[in-house]
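Worksheet for the structure shown next.
Model, not experiment: these values are computed from the prediction. Starting from 1, each residue takes its place in the sequence as its number. Quick note: numbers below take in every heavy atom, side chains included, and nothing from hydrogens, waters or symmetry partners.
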Amino acid sequence: MSVVARCLTAVGWNSLYLLRRMMLATFLCFFTLTASGQDVRIAILANRTIAECEARWQPLAAYLRPSLEGRQVKVQVMSPEDIQSAVLLRQVDFVLTNPMQYQLLLHRGGLSAPLVTLVEQERGQALSAMGGAIITLANRSDIAGLDDVVGLSVAVTSTESMGGYVAQRYEFFAEGVDLMRGTKWVFVGMPYDQVVQAVLDRRADVGFIRGGEIEYMEQRGRLSHGQLKVIHSQNLPEYPYAVSTRLYPEWPLAAMPGVNDDLVRAVTAALLAMPHGGEAARAIGIHGFSTPANYQSVESVLRELRLPPFEALPSFTVNDAWQRWRGEFSGVAGLFFIIVVLTLGLLAGRLRLKRQQLKLVEQSRQLKETAQQLQLALSSAELGTWAWHIPSGEVTFDARWAEMLGYKPDQLEPNLSTWERLVHADDWDVIEAALQSHLRGETAQYASEHRLKHKDGHWIWVLDSGKVVERDAEGKPLRAVGIHQDITQRKLMEQQLRELANTDVLTALPNRRHFLSRLEEELARLRRGGEQHAALLLLDLDFFKRVNDSFGHEAGDKVLRAFADTVRGTLRKSDVAGRLGGEEFGILLPGIVQGNAREFAERLREKVAAGSIEYQGQTLKITVSIGLTELTSEGAPQTQLARADKALYQAKELGRNRVESYSLSMV
């Protein structure tokens, strides 16, 4: 058997035909690329006849050309099959197609995320959504609902039409009707007129078409009013067409992989800047373009229906996965390693903090390391987008922007006052300074971290950033676009780290560093105030080592926490208590003379001596020795602590469980 015959046997005649077609397309692609040079090629799906669609979309090329530094823009209207071939063979730069085919090309052709979303125009109304219609002859009384369609013949253009196949199939699926049981499919190809004609000619009982096609044909005299009816009609008062399905976002425009980033930005900016309802939009017959819609609903429908590109999982070995995603696996392994290291570090830190107080330098180092590791472990935040027409105050928020605040897009009025109403009053000065500076052209972009009010009543932190993309001849800003990101978790983490750095973990009192900082502030106040008074107490639990030796460190920890609670219950609002290390504590008493400070110390000593702690059936009694000194405006914090420490030493020497005041005779 010859090599050619063996190939024919192995791949089959159909595959060989496809191979020949792809080879021919590759040749044509090479020829086109060579001839076009810097041409910008935009492929657009034909939803009516090629001639009609070409006539409709040619003004888009004329509109884009001035924004692309004189590049030639070629708009190519194609069938679904031709668009797939063009994408796979890299014959185009941008693709404008229905959401279903976009998902297919996204996963199989590497298209980018949506750059903009098409906004249609009908009867003076902007339409950023579409639906599908299920039609039959008006006199078919036997076809009134979805159940009546099962087992009949259904005409469709193709299985890759969002409004003419997928949307309708999902309605049957959602209602629990098994459309695939006995249904005979009649594939007629584009445009939708052929589906309508198949129903009129009785070659099919039912037809699936995009919403608005009946009205379009009636308006142009291709169909008499009342010949057809729409079953399972949806009650959508604000939507001008009769549809049988829920609504889905309009067509997205996406870029091919490898297209120059500057070109992508230029095309996106030009389409977003197209005046809504302006001359260019009217020439095409659309309202314009908007920031990208959320196409998650389309992906979810395709996944639930197991339609391409989610029809089946490929057979894949572990070795295949390694060869294909070696870099990704390495990244995941690295991230896993970081998480493991972080987890082990946190566990080790918890054990160490439970048994002993780390030195100040070591604790600061660990806090810094923990913060860095936590930052690395944070996942990328999702972004919400906004577009602002500055003279009118009209602001368009996308679905993600609204979702962050607990709203649906239709619950937010598209104007600047909506955003202003949600901003926290204390953040206005920061926002106003950043925003006005950018609008005046003093900064390259606007950026602000501020709070917005959630629908539930709480506040979330957002990072808001944007840029003016259009100014008038005098330099006044006209249009701006931007994003915002939920950074609430980051803000909470920063607050927790600040608290952890200043607090003793075991007793929840200020730690030594924070206590010394407050002592320095009080000394500075005394130096400024002249005749003001303050006192410093050093406290040490008597025979605390016996508690640890007799009952264990857990009992010792309980005693320290109970003592800290007693101290807190004795303080005034202006007083500060802190744990200086081990069983040693300090109390700062602002605005008090030495006599009153001694009375305070005696009350605290008596309260500690009168109390008790229950531990595993045992009653633990503790006492405390206290050294007291009056603060003076002269001398550093260490000097003040040294005087109080001498008084504390005196109290211990004289039998413990007592208060001693510093005097010059102490050495």
Using distance alone, with no hydrogens and no angle criterion, decide if Glu442 and Ser437 have a side-chain donor and acceptor under 3.5 Å apart. yes
Return yes when atom NE2 of His225 has more than 12 non-hydrogen atoms of other residues, nucleotides or ligands closer than 6.0 Å, and no otherwise. no
Going through the distances and angles, do Trp401 and Leu383 end up as a side chain to side chain contact (heavy atoms under 4.5 Å, CB included)? CA-CA 7 Å; Trp401 198 102; Leu383 302 177; over 6 Å; no
Looking at every heavy atom in both Ile286 and Gln121, which two are closest together, and how far apart are they? C-CB, 3.5 Å
Looking only at non-hydrogen atoms, find the nearest pair between Asn47 and Met190 and report the distance. CA-CE, 2.8 Å
Tell me whether the centres of the aromatic rings in Trp388 and Phe397 are closer together than 6.0 Å. no
Ser417 and Glu420 side chains, donor-acceptor separation under 3.5 Å: no
Among side-chain atoms of Tyr170 and Glu304, is any donor-acceptor pair under 3.5 angstrom? yes
Aromatic rings His287 and His276: how do their planes relate, parallel, tilted or perpendicular, breaks at 30° and 60°? tilted
Decide yes or no for His450 and Asp464: does some side-chain heavy atom of the first lie under 4.5 Å from some side-chain heavy atom of the second? yes
What about the rings of Trp428 and Trp419, do their centers lie closer together than 6.0 Å? yes
Side-chain ion pair, Arg246 and Glu175, N-O less than 4.0 Å: no
Mind checking whether Leu439 and Ile390 have side chains closer than 4.5 Å, heavy atoms only? yes
Identify the two heavy atoms, one from Val199 and one from Gly207, that lie closest to each other, and give their separation to 0.1 Å. CG2-N, 3.6 Å
Polar contact flag, side-chain donor to acceptor under 3.5 angstrom, Gln84-Glu160: yes
Which class fits the ring pair His458 and His454: parallel under 30°, tilted 30 to 60°, perpendicular over 60°? parallel
What distance separates Gln168 CD from Ile231 CD1, expressed to the nearest 0.5 Å? 10.0 Å
Report yes or no: is the cationic atom of Arg48 (NZ for Lys, CZ for Arg) under 6.0 Å from the centre of the six-membered ring of Tyr216, at an angle within 45° of the ring normal? yes
Does some side-chain heavy atom of Leu45 sit less than 4.5 Å from a side-chain heavy atom of Met78? no
Using the six-membered ring wherever Trp is involved, compare the ring planes of Tyr102 and Tyr295 and label them parallel, tilted or perpendicular (cut-offs 30° and 60°). tilted
Under 3.5 Å, is there a donor-acceptor pair between the Thr418 and Asn415 side chains? yes
